[in-house]
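Here's the structure we're looking at; comments come further down.
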Amino acid sequence: MNTGVKSAAQTADSTSLFGEHTDEAECRRFQAAAEIAGRKWTALILLAGVRGAERFSEYRALAEGISDRVLSVRLKELEQEGLILREVTPTTPVQVRYRLTEAGSELIEVLHPLVRWGSKWRDA
């Protein structure tokens, strides 16, 4: 007898909005990506990189309001995530430059539709 209510097994076998089966590993990858992208200051730091920031002071100037400590922590996190490359030139004084990796550039591109969505639905 069909009651119109899906069982847990039927729900687990159903497809996502995009027509593909969503498994637990895919959900974890999505969650991890959303956490990286949604972390405070991440998008602004990546955007500063797109706009040409290379030095710490340039990132700080383009990410208005961020503290030196938080910027330093975020840059290290983004480097560990493979979104920013840190290049050290052993001069006196040592020069440190940051640049977006291909993954970092792609992430900021992927976030653009989210900004449009926010403008449409959150600012209304």
Side-chain angles (χ1 to χ4, degrees):
M1 178 170 150
N2 185 352
T3 62
V5 177
K6 288 185 179 182
S7 70
Q10 288 171 317
T11 302
D13 290 335
S14 67
T15 58
S16 71
L17 292 173
F18 303 107
E20 296 177 14
H21 178 73
T22 303
D23 62 13
E24 186 176 339
E26 187 176 345
C27 287
R28 277 191 249 111
R29 284 190 298 273
F30 173 81
Q31 182 66 34
E35 286 177 10
I36 292 165
R39 197 169 291 140
K40 189 171 182 176
W41 300 108
T42 294
L44 197 53
I45 292 168
L46 294 175
L47 187 57
V50 168
R51 292 181 173 162
E54 291 185 350
R55 306 289 303 268
F56 186 90
S57 60
E58 295 168 344
Y59 276 92
R60 187 180 55 227
L62 290 173
E64 191 174 324
I66 193 168
S67 71
D68 286 356
R69 184 186 69 75
V70 172
L71 178 57
S72 179
V73 168
R74 288 294 179 269
L75 285 169
K76 286 178 186 171
E77 290 172 351
L78 294 172
E79 181 184 7
Q80 290 172 346
E81 294 292 344
L83 301 173
I84 285 188
L85 182 63
R86 182 177 186 260
E87 299 172 330
V88 179
T89 305
T91 58
T92 305
V94 171
Q95 290 185 13
V96 179
R97 295 191 185 279
Y98 301 91
R99 65 178 172 87
L100 295 184
T101 63
E102 184 178 344
S105 295
E106 188 173 330
L107 178 56
I108 200 68
E109 287 178 27
V110 169
L111 292 175
H112 281 254
L114 186 59
V115 172
R116 284 193 301 277
W117 177 87
S119 295
K120 179 178 180 179
W121 295 103
R122 306 309 285 172
D123 295 343

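When reading the values below, keep in mind they use all heavy atoms of this one structure, side chains included, and skip hydrogens, waters and symmetry mates. Here the structure is a predicted model, which is why all the values come from computation and not from measurement.
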* Structure fact -> CZ (Arg99) and OG (Ser105) are apart, to the nearest 0.5 Å, by 9.5 Å
* Asked: According to a 4.5 Å side-chain heavy-atom criterion applied to Ile, Leu, Val, Met, Phe, Trp and Tyr, with indirect links allowed, do Ile66 and Val73 form part of one hydrophobic cluster?
  -> no
* Check whether any side-chain N or O of Thr101 sits under 3.5 Å from a backbone N or O of Gly82 as a donor-acceptor pair, and report yes or no. => yes
* Compare all side-chain heavy atoms of Trp117 with those of Arg122 and state whether any distance is below 4.5 angstrom. => yes
* Would you say Thr91's side chain and Pro93's backbone share a donor-acceptor pair under 3.5 angstrom? -> yes
* Asked: Taking Ser119 for the side chain and Val115 for the main chain, is one N or O donor matched with an acceptor at less than 3.5 Å?
  -> yes
Can you give the donor-acceptor pairs under 3.5 Å from side chains of residues 33-47 to other protein atoms, not counting sequence neighbours?
unit_1	atom_1	unit_2	atom_2	d
Glu35	OE2	Gln31	NE2	2.9
Thr42	OG1	Ile36	O	3.4
Thr42	OG1	Arg39	O	3.3

* Spatial distance of atom OH (Tyr98) from atom CG (Leu75) [nearest 0.5 Å] -> 5.0 Å
* Which atom pair, heavy atoms only, marks the closest approach of Gly49 to Tyr59? -> CA-OH, 3.5 Å
* Between Glu87 and Arg97, is there a side-chain N and carboxylate O pair less than 4.0 Å apart? -> no
* Would Leu71 and Phe56 satisfy side chain to side chain contact (heavy atoms under 4.5 Å, CB included), going step by step from the backbone distance to the final call? -> CA-CA 8 Å; Leu71 178 57; Phe56 186 90; 3.6 Å; yes
* **Residues that Glu106 engages under side-chain hydrogen bond (donor to acceptor under 3.5 Å, both in side chains), provided they are two or more places apart** => none
* Would you check if Arg116 and Pro113 make a side-chain contact, meaning some heavy-atom pair closer than 4.5 Å? => yes
* Could you walk me through whether Val96 and Arg86 pass side chain to side chain contact (heavy atoms under 4.5 Å, CB included), step by step? => CA-CA 7 Å; Val96 179; Arg86 182 177 186 260; 3.6 Å; yes
* **Pair Glu79 + Lys76, salt bridge at N-O below 4.0 Å** => no
* Report the residue from Leu100, Ile108, Leu78 that forms a side-chain contact (heavy atoms from CB on, under 4.5 Å) with Leu83. => Leu78
